[in-house]
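Input: a single structure, listed below in structure tokens.
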Number of protein chains: 2
Amino acid sequence: MKGFVHPGREDLRIDSVLEALANPIRLRIVKRLAGGEELTCSTTLPDVSPSTASHHWRVLREGGVLWARREGRIILHTLRREDLDARFPGLLDSVLAALDDSGSLTPALP
Amino acid sequence: MKGFVHPGREDLRIDSVLEALANPIRLRIVKRLAGGEELTCSTTLPDVSPSTASHHWRVLREGGVLWARREGRIILHTLRREDLDARFPGLLDSVLAALDDSGSLTPALP
DNA sequence: TGGTTGGTTCACGTATAGTCGAACCATGAA
DNA sequence: TTCATGGTTCGACTATACGTGAACCAACCA
């Protein structure tokens, strides 16, 4: 567990990205990240167990949706906006716009 | 089995649509439909069984991605482009553009 | 009427996603 | 060194997705 595996920009695949996005919990994460915050694992999903949270972060990371980097004891995540926009122009924006419209995927969270 | 159940435009949900799109077989279907063709079930997926094909058509239909209408003995499918563009502007275009770039999801088909 | 064609539905098996607790690892602090 | 914190990994379980063949249905045709 020394550092994270991220697909390169050119390795991003549309079906992997769609797969990563096709989950309400992961969409919540993406929505939060889109605000520009750097999120940690535990503070973002207090309603699921640490192992479940870790699973979802991994799917997003390996799908190429976000970067993970260790900062001391915590792990900070940021959206790979440039890479996603470069490879799939408009995709992220359209999904984020849809998330703004429907409040269904944005329960009250700290 | 008298006619098909389609979600209304306002009932389209981003996670259902992403879920429907997050599958290579269904992406192949969407790509074909985007060409403007009206596709039947069997001619589009000759490499999977009729029941499997029917399953994928159903996921796309119930996710709101396409219209199905009976025309005599066959069922014709068309992309719900207007509805998708209205509810999730840019989503379909970005996915289709990605499908054009990578030939990986477009095996030789009749 | 009976047969054929195009699809669906059902029942089933298999594979994978999602979830969790327990154990473990990495980091920083005492 | 020892401890606490933040995450991951592992093993197990459950739920759902995927895939199939068999049976069925709906429309057309002879």
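Order of the sequence lines sets the chain letters (A, B, ...), proteins ahead of strands, with each chain counted from 1.
The side chain of B/His56 lies closest to D/dG19, out of C/dG18, D/dG7, D/dG19. With distances taken from any side-chain atom of A/Ser51 to the nucleotides C/dA26, C/dT9, C/dG21, the minimum falls on C/dG21. Closest to the side chain of B/Ile74, from the set D/dC18, C/dT27, C/dG6, is C/dG6. Among D/dG7, C/dC20, D/dT9, the nucleotide with an atom closest to any side-chain atom of A/Val48 is C/dC20. For A/Ser42, the listed nucleotide lying nearest its side chain is D/dG6; candidates were D/dT8, D/dG6, C/dG7. Counting only heavy atoms from C-beta on, B/Arg58 has its side chain closest to C/dT9 among D/dT20, C/dT9, C/dG21. Proximity note for A/Pro50 (side chain, C-beta onward) versus D/dA27, D/dT8, C/dT19: the nearest is D/dT8.
Using a 4.0 Å cut-off, some side-chain N or O of A/Asn23 falls inside it from OP1 or OP2 of C/dG18. Regarding contacts with the backbone of C/dC20, a side-chain N or O of A/Thr52 is found under 4.0 angstrom from either OP1 or OP2.
The salt bridge (Lys or Arg N to Asp or Glu O under 4.0 Å) search around B/Arg69 returns B/Glu38, B/Glu71, not counting sequence neighbours. Every residue meeting the side chain to side chain contact (heavy atoms under 4.5 Å, CB included) condition with B/Ala22, not counting sequence neighbours, appears here in chain and number order: A/Leu18, A/Glu19, A/Ala22.
Between the side chain of B/Thr44 and the backbone N or O of B/Thr40, at least one donor-acceptor pair lies under 3.5 Å.
In this structure, CG of B/Asp47 is placed 14 Å from C1' of D/dC18, rounded to the nearest angstrom. With rounding to whole Å, A/Leu76 atom CG is found 16 Å from D/dT8 atom C1'. Atom CD1 in A/Ile25 sits about 9 Å away from atom P in C/dG18, given to the nearest Å. Rounded to an integer number of Å, the gap from CD of A/Glu62 to C1' of C/dT16 is 15 Å. Look at CG on A/Asp15: it is 16 Å from C1' on D/dA17, rounded to the nearest Å. Protein atom CD of B/Glu19 is 10 Å distant from nucleotide atom C1' of C/dA17, rounded to whole Å. Distance, A/Leu66 CG to D/dG7 C1': 15 Å, rounded to whole Å. Between A/Leu27 atom CG and C/dA17 atom P there is a gap of 17 Å when expressed in whole angstrom units.
Each of A/His55 and B/His55 lies near DNA chain C, and the nucleotide nearest B/His55 is the one positioned closer to the 5' end. Map A/Glu71 and A/Val59 each onto its nearest nucleotide of DNA chain C; the residue landing nearer the 5' end is A/Val59.
Side-chain N/O atoms of B/Ser49 and base N/O atoms of D/dG21 include no donor-acceptor pair closer than 3.5 Å.
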Do any N or O atoms of the protein come closer than 3.5 Å to N or O atoms of nucleotides 2-4 of chain D, and which pairs are they?
none

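The distance from atom CD of B/Glu10 to atom CZ of B/Arg87, rounded to the nearest 0.5 Å, is 5.5 Å. To the nearest 0.5 Å, atom CG of residue B/Leu27 and atom NE2 of residue B/His56 are 11.0 Å apart. A distance of 7.0 Å separates NE2 of B/His6 from CG of B/Leu66, quoted to the nearest 0.5 Å. Atoms CD1 and CG, from A/Ile74 and A/Leu39 in turn, are 10.5 Å apart once rounded to the nearest 0.5 Å.
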**Message:** Apply salt bridge (charged side-chain N to carboxylate O under 4.0 Å, His left out) to residues A/Arg9 and A/Asp85 and explain how you reach the verdict.
**Reply:** CA-CA 10 Å; A/Arg9 175 185 286 195; A/Asp85 286 348; over 6 Å; no

